Amino acid sequence: MDAQVIQVEIPFKTAFSHASARRKVSSAVVVRLRDADGLCGYGEGCPREYVTGETMASAVTWLKARIGPWSQTVSNLDDLRRLCQRHEADINLNPSAFCAFELAMIDLMARRAGLGIEAFLGLSKLSRPLEVTAVSGSDNPLIFQLQSWRFKAAGMRSAKLKVGANQRRNVKRVKHLAKFARVRLDGNNLWTDASEAVAALKPLQANTWAVEEPIKARDFAGMGRIHNDTGLKVILDESLLNRYDLAAFLAVKPDPQAYIVNVRISKMGGLLRSLDLVRHLRELGFGLVLGSQVGETSCLTRAALALAPEMFPLLGFEGGYGRHLLVHDAFSPSLTFDSQAKLHLDHIPPQANGLGITPTKALAFSDGNQPR
């Protein structure tokens, strides 16, 4: 088995900003596994230090030390699940890196079996397009106005606003988005504590219904205060990466009806771990949003399309931005939403095996792409 890991950097069409970061370039780690017959499987992870503590350098180093021996020990799904369990503590510290390996392994095994990823995993195939959420960063006013005009023209009915320290700007933007969409906020852990967050949210709550990560990650008691004082539902993102985070959250005895979890495959350590957590969250009564790492390519988007039917009814879908946001994609077909803000699975040929995607010239493997 030939195992390669590379770092990919793709420029954004415009810089993307929020309270935790400002970036002009999206970075991802991509794994390619190729067997003796020349079949290839591909996987992607998006390490974000402010989400999982990973950096691109740490993810690449971690993968290079493991994918060789690990790829030799996995020949089926049971092997992969056992590997996940055996190395759970290590994966919890490096979830985005492991996601790249896991997706590549699942893609390769499905291709070997002559099955699409849904059939291989025993999942229902997406039967209708996903409605994409309008996501606005804390950018300059001109960019915000241009983006919101495009969102409105596409008929987007759901919007997520990343708020910043400028409260007057926050109020103005919420009112603007609320004219055509149901608005939720993303604090990206902006406010110091619950009291500061409540004071900032009071002027915004009339036109919003939820706030994501308003204060320090895993300050569950503080998030409970925010819900009680504002009536807004609280969305957990950086605060909930795995089953241990969920256990810590449940220990404060919250009302699940007041909370929503933003599920992102990369931050949760791959598709299998995301599936297990989603099924548990649904049993507990949590609302679910299917999120994405800003700037992810069509590899992670394709994985999200396999996960989506397990999450219905979705309260939001934040993926499918692809080439709307990136100068180019790393995979083909490029999975992006259409002029009506819908993302379709029909970009993938029905007979396609695995993830059904192939690398573009943006991926520079040492021996060329040579996909099969």
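A quick note: this is a predicted structure, and the numbers were derived from the prediction, not measured.
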- Query: Can you tell me if E54 and S96 form a side-chain donor-acceptor pair at under 3.5 Å?
  - Reply: yes
- What about V261 and I235, same hydrophobic cluster or not, with Ile/Leu/Val/Met/Phe/Trp/Tyr joined at side-chain heavy-atom distances under 4.5 Å? no
- When clusters are formed by joining ILVMFWY residues with side-chain heavy atoms under 4.5 Å apart, either directly or through shared neighbours, do L236 and L288 land in the same one? yes
- For residues I265 and L307, determine if any side-chain heavy atom of one lies less than 4.5 Å from a side-chain heavy atom of the other. yes
- Message: Minimum heavy-atom separation for A303 and L271, please, with both atom names.
- Response: O-CD1, 4.0 Å
- Message: Does this structure show an ion pair linking K160 with E212, if we count only N-O contacts that are shorter than 4.0 Å?
- Response: yes
- Between R112 and the options D37, N76, N353, D35, the side chain to side chain donor-acceptor pair (under 3.5 Å) test singles out D35
- Among the clusters formed by ILVMFWY side chains lying less than 4.5 Å apart, do V278 and F312 turn up in the same one? yes
- If we only count heavy atoms from C-beta on, is the L363 to R32 side-chain gap below 4.5 Å? no
- Once you round to the nearest 0.5 Å, how far does CG of L343 lie from CD of E131? 11.5 Å
- Item | Other residues, nucleotides, ligands: >12 heavy atoms within 6.0 Å of R128 CZ | no
- Message: Over 60° means perpendicular and under 30° means parallel, so tell me whether F365 and Y42 are parallel, tilted or perpendicular.
- Response: tilted
- Message: Between the side chains of D276 and R273, is the shortest nitrogen-to-carboxylate-oxygen separation below 4.0 Å, so that they form an ion pair?
- Response: no
- Query: Is there a side-chain contact between V263 and L277 (heavy atoms, below 4.5 Å)?
  - Reply: no
- Item | Contact summary for V183 and V174, nearest pair of heavy atoms | CG2-O, 4.3 Å
- Taking the side chain from T360 and the backbone from A330, do they hold a donor-acceptor pair closer than 3.5 Å? yes
- Give the minimum heavy-atom separation between A65 and P69, together with the two atoms involved. O-CG, 4.2 Å
- Message: Here's a test for you: under side-chain contact (heavy atoms from CB on, under 4.5 Å), which of L161, N170, T230 qualifies with L204?
- Response: N170
- SB check E213 R184 (cutoff 4.0 Å): no
- Test side-chain contact (heavy atoms from CB on, under 4.5 Å) applied to T301 and F331, step by step: CA-CA 10 Å; T301 301; F331 291 92; over 6 Å; no
- Task: Indicate if V211 and L315 have the same hydrophobic cluster label, given that clusters are the connected sets of ILVMFWY residues with side-chain heavy-atom separations under 4.5 angstrom.
- Result: no
- Item | Check ion pair D329-R323 (N to O, under 4.0 angstrom) | no
- Query: Do the numbers put R66 on top of the ring of F101, so that NZ or CZ is under 6.0 Å from the six-membered ring centre and no more than 45° off the axis?
  - Reply: no
- F98 ring center within less than 6.0 Å of H87 ring center: no
- Task: Would you check if the side chain of Y321 reaches a backbone N or O of V135 as a donor-acceptor pair within less than 3.5 Å?
- Result: yes
- Query: Do the rings of Y259 and H227 sit parallel, tilted or perpendicular, given the 30° and 60° boundaries?
  - Reply: tilted
- Message: Set out, in order, the CA-CA distance, both residues' side-chain angles and the distance that settles side-chain contact (heavy atoms from CB on, under 4.5 Å) for L177 and S148, then state yes or no.
- Response: CA-CA 7 Å; L177 293 172; S148 62; 4.2 Å; yes
- Task: Looking only at non-hydrogen atoms, find the nearest pair between D107 and L355 and report the distance.
- Result: OD1-N, 2.7 Å
- Query: Can you check whether D229's main-chain N or O pairs, donor with acceptor, with K202's side chain at less than 3.5 Å?
  - Reply: yes
- Query: When you check the gap from the basic side-chain N to the acidic O, do K267 and D237 get nearer than 4.0 Å?
  - Reply: yes
- Is it true that W149 and F337 fall in one hydrophobic cluster, defined by side-chain heavy atoms closer than 4.5 Å? no
- Message: Can you tell me how far apart CD1 (I10) and CG (L326) are? Round to the nearest 0.5 Å.
- Response: 5.5 Å
- On a heavy-atom basis, the closest approach of S266 and Q293 is CB-CG, 4.0 Å
- Task: Flag yes if more than 12 heavy atoms outside K342 fall under 6.0 Å of its NZ atom; otherwise flag no.
- Result: yes
- State which residues pass side-chain contact (heavy atoms from CB on, under 4.5 Å) with L284; sequence neighbours excluded, sorted by chain then number. L246, L250, H280, F286
